2 protein chains.
Amino acid sequence: MSTRPPSMRDVASRAGVSLSTVSRVMRGAPGVAPQVRERVRNAADELSYVVSRNASGLVTGRTGRVSVVVPYLKPWFFGSVLAGISEVLREADLDMLVYQVGDLRPQPGWTRTLPLRRNCDAVITVSMDLSEEECHRLDDVGVPLVLTGQRVPGRASVFIDDQAGAAGATRHLLNLGHTRIAYIGSRGDSWYSGSSMNRLRGYQAAMGKAGLTPWSLIKPPGHEGGEHAMGELLSDLDPPTAVLAEFDDIAMGAHRALRRSGIGVPEAISLMGFDNHEGAAILDLTTVDQSPADIGAAAGRLAVEITEGTRPRDTHLEMPTQIIPRQSTSAPRSVRGLS
Amino acid sequence: MSTRPPSMRDVASRAGVSLSTVSRVMRGAPGVAPQVRERVRNAADELSYVVSRNASGLVTGRTGRVSVVVPYLKPWFFGSVLAGISEVLREADLDMLVYQVGDLRPQPGWTRTLPLRRNCDAVITVSMDLSEEECHRLDDVGVPLVLTGQRVPGRASVFIDDQAGAAGATRHLLNLGHTRIAYIGSRGDSWYSGSSMNRLRGYQAAMGKAGLTPWSLIKPPGHEGGEHAMGELLSDLDPPTAVLAEFDDIAMGAHRALRRSGIGVPEAISLMGFDNHEGAAILDLTTVDQSPADIGAAAGRLAVEITEGTRPRDTHLEMPTQIIPRQSTSAPRSVRGLS
DNA sequence: CTGTTAGCGCCTTCAA
DNA sequence: TTGAAGGCGCTAACAG
């Protein structure tokens, strides 16, 4: 059972050539006669031999692996990002290591618990909202770093303009004729994430420019937060006619509260999310699309270029967002009556 | 920039000991004086040295890595399974390689394109529905295999009893008083997946036992399928009073069709899914829970045990399923009227 | 308890 | 175009 798998030596003797020749063939290096090349290929196939990345990496100093660090693996968003990264890496013949650090994040030394050094050629962080210090710690492992979900000057990073996206969403509601537009945002236990802050700012800015007073509720993340917030809004003396949620999960919770209260969407209240969660399509929820797979692919490409030594010309990639209009938003009743 | 990272030699000379001693300390091997151990630890810390898995693996024959093979990365299900696997592997100090093979699956030799051999200690497949032949091909790479999402006699595998789950779901609807219960299933381009088949069978069996005629529609997977199927059902002369979907995505599509048609759930039609998708909670959809994270954790544990040489006592793990009653199912109107 | 030695499988010189 | 020799960083025997 546990007999050692075939090594290059086995292939060499089977093909009747030397180790170096097999090595050259397997790497696709030039300087081997076509016939010999063929013979070696066959021998390798028959033994179903593959090169040990371990051993080759030992010599070349490259591991052929890229680490992806995510806070959590369950939310749909991360799966999509990983899918994008995965495809790019496969094409570049790199393997993808995945580390979920969510629970150990609070520990100050979490970066050291990852066996990154010497075990991968690059690190991609996904929406980790890294502090300056954390970035430095990761730098210390001596592996190139690509960030996603946050914009950090001077570092390879892929991100969206959350502020512009939220402002655009707000304008969409303004354009429909709404003036009483509430915003439901989120805050973790101890801090705002950068993207939370930026989306809130975008909403506030758009409202301000329209001469309206922002009206925002901040809740713990998740759809429960949306549900509670919507409850509060519905108990207001003069409830909003439109609600923008920081992300779709929140919007979906709000949607549930409305459904349970028998309040029509968008007849009574327009509802808009952010992210284009797959559930948003099912709820016919108007939202802002950021395509995570594209973000992943872009980050993957950066990582590949960096590991291959070709300095990418632009290491700062701002990805576009796009409003997806669906049936959860419409003009407010008053305006509709007039038109 | 690209100066070689510190090696064991650097640590050894800094601590004033030999390579073996450093090795022993780093591995936690016994036989080192506490003082010396401490001294080595410090030296390693100061250099922020970590052992190269590459090099140690070359000697031990173990890589410290487990490969996880998934068809796709985007669907929520796989993220949850990965989360479960990830935690278990981290505790065992193993790294997780992830391969998404969806698109290249049709090619007969896809198993060979994965650089599995010599690059990991075990392979976990997630809902890959492997054929006997594919299993053999993977065996050929000489790495222990753990399957999830399918029951294969004689192989380490983690699975749920789809048939029993679907039968239970059907009985739930029967118990509520429904008799006209339709089933919406899915089929890929060319074949049923094993779990699709089993769920359909479970439904059919439960209906048969109740003396009722099964009524099933088979569509392409995804929520569109559910939407179309529901359209068909609604255009029937005598529509069903309850619908069971093979999985939540389908149910969510059906739910959307009902919502758009203004048909009350569960007032007019009860709707039930399978999987406990997070969207199911938002739609208040009654469903059958299979907890993917637990499946992943169980598979991860099997993989760890196998790589560590401890033959697990049971390599065949059937995970429980559980009905989650929510507001999308109730007694049919006729029965309700009587009670 | 500690150090020395000989590889693990491969790539990279260099020589033929 | 091919082969032989040396070493990548580490562990596993052994010897002290």
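Quantities reported herein were computed from a predicted structural model and do not represent experimental measurements. In what follows, chains carry the letters A, B, and so on, assigned in the order in which the sequence lines appear, proteins first and then strands, with residues in each chain numbered from 1.
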*With sequence neighbours left out, write down each residue that passes side chain to side chain contact (heavy atoms under 4.5 Å, CB included) with B/Glu318, or none if nothing qualifies.*
B/Arg151, B/Phe159, B/Asp161

Hey, can you pull the donor-acceptor pairs under 3.5 Å for the side chains in residues 292-308 of chain B, sequence neighbours left out?
{"unit_1": "B/Asp294", "atom_1": "OD2", "unit_2": "B/Ser291", "atom_2": "OG", "d": "2.5"}
{"unit_1": "B/Thr307", "atom_1": "OG1", "unit_2": "B/Ala303", "atom_2": "O", "d": "3.3"}
{"unit_1": "B/Thr307", "atom_1": "OG1", "unit_2": "B/Val304", "atom_2": "O", "d": "2.9"}

*Could you give all pairs that pass the side-chain hydrogen bond (donor to acceptor under 3.5 Å, both in side chains) test and reach residues 56-69 of chain B, with sequence neighbours left out?*
A/Asn54-B/Arg65, B/Thr63-B/Asp121

*Can you pull the ring pair (Phe, Tyr, Trp, His ring centres under 6.0 Å) pairs that have at least one residue in residues 59-80 of chain B, sequence neighbours excluded?*
B/Trp76-B/His277

*Kindly state each residue pair satisfying salt bridge (Lys or Arg N to Asp or Glu O under 4.0 Å) with at least one member in residues 74-97 of chain B, sequence neighbours excluded.*
B/Arg53-B/Asp93, B/Arg53-B/Asp95

*Compute the bend angle of the helix from C/dC1-D/dG16 to C/dA16-D/dT1 from the end axes (five pairs per end), rounded to 10°.*
30°

*asked:* Each nucleotide in nucleotides 8-16 of chain D should get exactly one letter: B, S or -. Can you fill that in based on protein heavy atoms under 4.0 Å?
replied: BBBBB----

*For the student: nearest non-hydrogen atoms of A/Thr125 and A/Leu147, plus distance*: OG1-CD2, 3.1 Å

*With sequence neighbours excluded, tell me which residues meet side chain to side chain donor-acceptor pair (under 3.5 Å) with A/His136.*
A/Glu132

*Contacts of A/Arg155 that satisfy salt bridge (charged side-chain N to carboxylate O under 4.0 Å, His left out) - sequence neighbours left out*: A/Asp139

Taking distance alone, no hydrogens or angles, what donor-acceptor pairs closer than 3.5 Å link side-chain atoms of residues 21-40 of chain A to residues at least two apart or in another chain?
{"unit_1": "A/Thr21", "atom_1": "OG1", "unit_2": "A/Ser18", "atom_2": "OG", "d": "3.4"}
{"unit_1": "A/Ser23", "atom_1": "OG", "unit_2": "A/Arg27", "atom_2": "NE", "d": "3.2"}
{"unit_1": "A/Ser23", "atom_1": "OG", "unit_2": "A/Arg27", "atom_2": "NH2", "d": "3.2"}
{"unit_1": "A/Arg27", "atom_1": "NE", "unit_2": "A/Ser23", "atom_2": "O", "d": "3.3"}
{"unit_1": "A/Arg37", "atom_1": "NH2", "unit_2": "A/Ala29", "atom_2": "O", "d": "2.8"}
{"unit_1": "A/Arg39", "atom_1": "NH1", "unit_2": "A/Ala15", "atom_2": "O", "d": "2.5"}

_Applying salt bridge (Lys or Arg N to Asp or Glu O under 4.0 Å) as the test, list every pair that has at least one member in residues 12-22 of chain B; sequence neighbours left out._
B/Arg14-B/Glu46

*Mind checking which nucleotides bracket the chain A contacts on DNA chain C, 5' to 3', with an atom under 4.0 Å from a heavy atom?*
C/dC8 to C/dT12

